[in-house]
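Okay, structure first, notes after.
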Amino acid sequence: MVMANRIIILLDMDYFFAQVEERESPQFKGKPVVVGADPKEGKGRGVVSTANYEARKYGIHSALPISKAWQLCPEAVFLPPNFELYSRVSENIMNIIRGVVQSHRLVHETILEQVSLDEAYIEINPKSETRNSKQTWEKAEKLAQEMRKEIFRKEKLKCSCGVGPNKMIAKIACEAAKPNGVKVVTEEEAEKFVESLDIEKMPGIGKKTAAILHESNFRTVGDLKKLSEHDLEDLFGKRGSEMYLHVRGIDHAAVETEREAKSIGKEVTFETDTRDPELLIRTFESLAKQVAREVAEQGLVFRTITVVCRFSGFETHTKDKTLKKSSSSEAVLRQEAIKLFLRFLTENQKPIRLLGVRAKIAPKSNM
DNA sequence: ATTGAAGTACACG
DNA sequence: CTAACGCGTGTACTTCAAT
């Protein structure tokens with residue numbers, strides 16, 4: 001039906017948080033900038049959100065522990081994330097994208113999936129007679145360039161675009177295009193394009209999966225073609241069958257215009273691991289309160305409550321409870337969550353590093 | 001056999 | 001001295017009990 005011969009663009013801002021900070025404070029340009037947790041003279045417990053390219057020269061990157069980043073480059077500019085600012089900028093960018101796409105009349109209806117503050121997929125559904133023609137790919141590339149140009153003109157921010165026949169190819173092409181570029185990979189080029197990549201570049205293959213595959217000397221995406229669909233399914237289940245298609249340049253995932261929240265949660269890491277009952281209970285009530293408020297704000301209800309507890313040594317466990325009837329009550333959330341939490345306290349003696357509360361959203365109907 | 005609940009593992013930005 | 005390691009969210013899997 002509408003699936004055949006799509007063209008999909010992934011637009012991704014370059015080092016988004018750090019780039020916004022550079023724009024707001026031009027004196028940082030040319031210096032290493034690290035946006036993330038407070039480094040606290042090397043004692044901080046958080047991680048890096050985004051590092052600009054100068055900081056990356058020191059080996060600093062997203063998700064790196066901030067203490068390590070401090071070791072690598074203590075003279076870097078360390079900044080806390082300003083999510084309010086990034087959210088405003090993000091809204092502007094999404095609006096620019098919508099504007100450009102609509103003015104291009106390659107599409108009747110704008111199919112845009114916002115993946116995060118700084119990333120969006122745009123699906124082009126050309127008229128059937130022009131589908132998959134060379135000109136259509138060229139138009140898609142022009143569209144990508146124009147979105148980038150408008151974002152730079154209006155927001156003074158750089159981004160990159162990947163253009164491909166599906167989301168996976170668009171995503172990988174975008175990585176190849178960075179920084180500040182566009183890369184087009186057509187349907188015919190897709191399989192060859194992924195073949196020489198290291199397997200961990202493939203979306204869905206993270207550290208653990210890569211490690212398993214490396215054990216058997218599978219290094220590149222091309223290597224994985226030696227495995228049958230059956231082999232991959234035995235090894236990795238449902239993800240395995242997807243992998244079988246991915247390594248051949250195929251991905252059927254749809255561009256989803258809107259997704260609704262399935263769960264809402266809050267968690268915090270303590271400055272130092274603790275068993276202080278006052279602190280634990282206080283933290284806990286505050287988390288439950290925040291979660292309940294957010295659920296209520298969005299006019300939702302929950303039925304399953306999950307408590308997360310991370311102990312010294314990073315050992316992490318969850319407990320959950322599903323209620324007979326769904327609820328939106330803060331008191332219910334707090335009480336059920338505390339019951340679950342007390343079981344942790346008796347089962348495990350170790351100091352606690354992190355606490356979290358999560359509410360699984362239930363259908364809002366018959367309560 | 002199927003469904004629901006509890007708990008774990010892994011991935012991603 | 002290969003450890004440092006947030007937060008929010010989603011999907012898939014396993015195990016066990018009840019239907």
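What you see is a predicted model, and the numbers here were worked out from it, not measured in a lab. Atoms considered below: every heavy atom in the structure, side chains included; atoms not considered: hydrogens, waters and symmetry mates. Order of the sequence lines fixes the chain letters, A, B, ..., with proteins taken first and strands second; residue numbering starts at 1 for each chain.
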What contact category does [X] fall into here, base, sugar-phosphate, or nothing, at under 4.0 angstrom with non-hydrogen atoms?
| X | result |
| --- | --- |
| A:Leu64 | nothing |
| A:Ala69 | nothing |
| A:Ile66 | nothing |
| A:Arg259 | nothing |
| A:Lys68 | base |
| A:Val268 | sugar-phosphate |
| A:Thr209 | sugar-phosphate |
| A:Ile264 | sugar-phosphate |
| A:Thr269 | sugar-phosphate |

If I take atom [atom1] in residue [X] and atom [atom2] in nucleotide [N], what distance separates them, rounded to the nearest angstrom?
| X | N | atom1 | atom2 | answer |
| --- | --- | --- | --- | --- |
| A:Asp320 | B:dT8 | CG | C1' | 11 Å |
| A:Gln298 | C:dT9 | CD | C1' | 13 Å |
| A:Ile361 | C:dG10 | CD1 | P | 9 Å |
| A:Leu213 | B:dC10 | CG | P | 13 Å |
| A:Glu271 | C:dC5 | CD | P | 13 Å |
| A:Lys207 | C:dT2 | NZ | C1' | 10 Å |
| A:Glu242 | C:dC13 | CD | P | 11 Å |
| A:Phe236 | B:dA9 | CZ | P | 17 Å |

Quick check on [N]: is either OP1 or OP2 less than 4.0 Å from any side-chain nitrogen or oxygen of [X]?
| X | N | result |
| --- | --- | --- |
| A:Arg358 | C:dG10 | no |
| A:Thr306 | B:dA6 | no |
| A:Lys171 | B:dG13 | yes |
| A:Lys262 | C:dT11 | yes |
| A:Arg303 | B:dG4 | no |
| A:Thr304 | B:dA6 | no |
| A:His317 | B:dT8 | yes |
| A:Lys266 | C:dG8 | yes |

Can you identify which nucleotide, out of [options], has its nearest atom closest to the [X] side chain?
| X | options | result |
| --- | --- | --- |
| A:Pro65 | C:dG8, C:dA4, B:dC10 | C:dA4 |
| A:Val47 | C:dC7, C:dG6, B:dG13 | C:dG6 |
| A:Thr322 | B:dA5, C:dG6, B:dA11 | B:dA5 |
| A:Ser67 | C:dA4, C:dA12, B:dG7 | C:dA4 |
| A:Arg239 | B:dA11, C:dC7, B:dG13 | B:dA11 |
| A:Arg353 | B:dA6, C:dG6, B:dA11 | C:dG6 |
| A:Lys238 | C:dC13, C:dG6, B:dA11 | C:dC13 |
| A:Glu119 | B:dT8, B:dG7, B:dG13 | B:dG13 |
| A:Ser263 | C:dG10, C:dA12, B:dC10 | C:dG10 |
| A:Phe314 | B:dA6, C:dA3, C:dG6 | C:dG6 |

Distance-only side-chain donor-acceptor flag, [X] / [Y], under 3.5 Å:
| X | Y | answer |
| --- | --- | --- |
| A:Arg98 | A:Thr110 | no |
| A:Ser67 | A:Gln71 | no |
| A:Arg358 | A:Thr318 | no |
| A:Glu141 | A:Gln145 | no |

(request) Could you measure between the two C1' atoms, the one in B:dA11 and the one in C:dG6, and give it in whole Å? (result)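 Each nucleotide's C1' atom is 15 Å from the other's.
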(request) Between C:dC5 and B:dC12, how far apart are the P atoms? Round to whole Å, please. (result)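 Result for the P pair: 22 Å, nearest Å.
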(request) State, with a plain yes or no, whether a side-chain heavy atom of A:Lys201 is found less than 4.5 Å away from one of A:Glu175. (result)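 They are not in side-chain contact.
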(request) For A:Glu294 and for A:Gly237, locate the closest nucleotide of DNA chain C by heavy-atom distance; then report the residue assigned to the nucleotide nearer the 5' terminus. (result)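 Going by which nucleotide is closer to the 5' end, it is A:Glu294.
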(message) Students often mix this up, so state it plainly: with edges at 30° and 60°, are the rings of A:His317 and A:Phe344 parallel, tilted or perpendicular?
(response)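 Judged by the thresholds at 30° and 60°, the geometry between A:His317 and A:Phe344 is tilted.
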(message) Quick check with a 6.0 Å cut-off and a 45 degree axis cone: is A:Lys339 positioned over the face of A:Phe341's six-membered ring?
(response)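 No cation-pi geometry.
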(message) Ring of A:Phe152, cation from A:Arg148 - is the NZ or CZ under 6.0 Å from the centre and inside 45° of the axis?
(response)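 No, A:Arg148 does not sit over the ring of A:Phe152.
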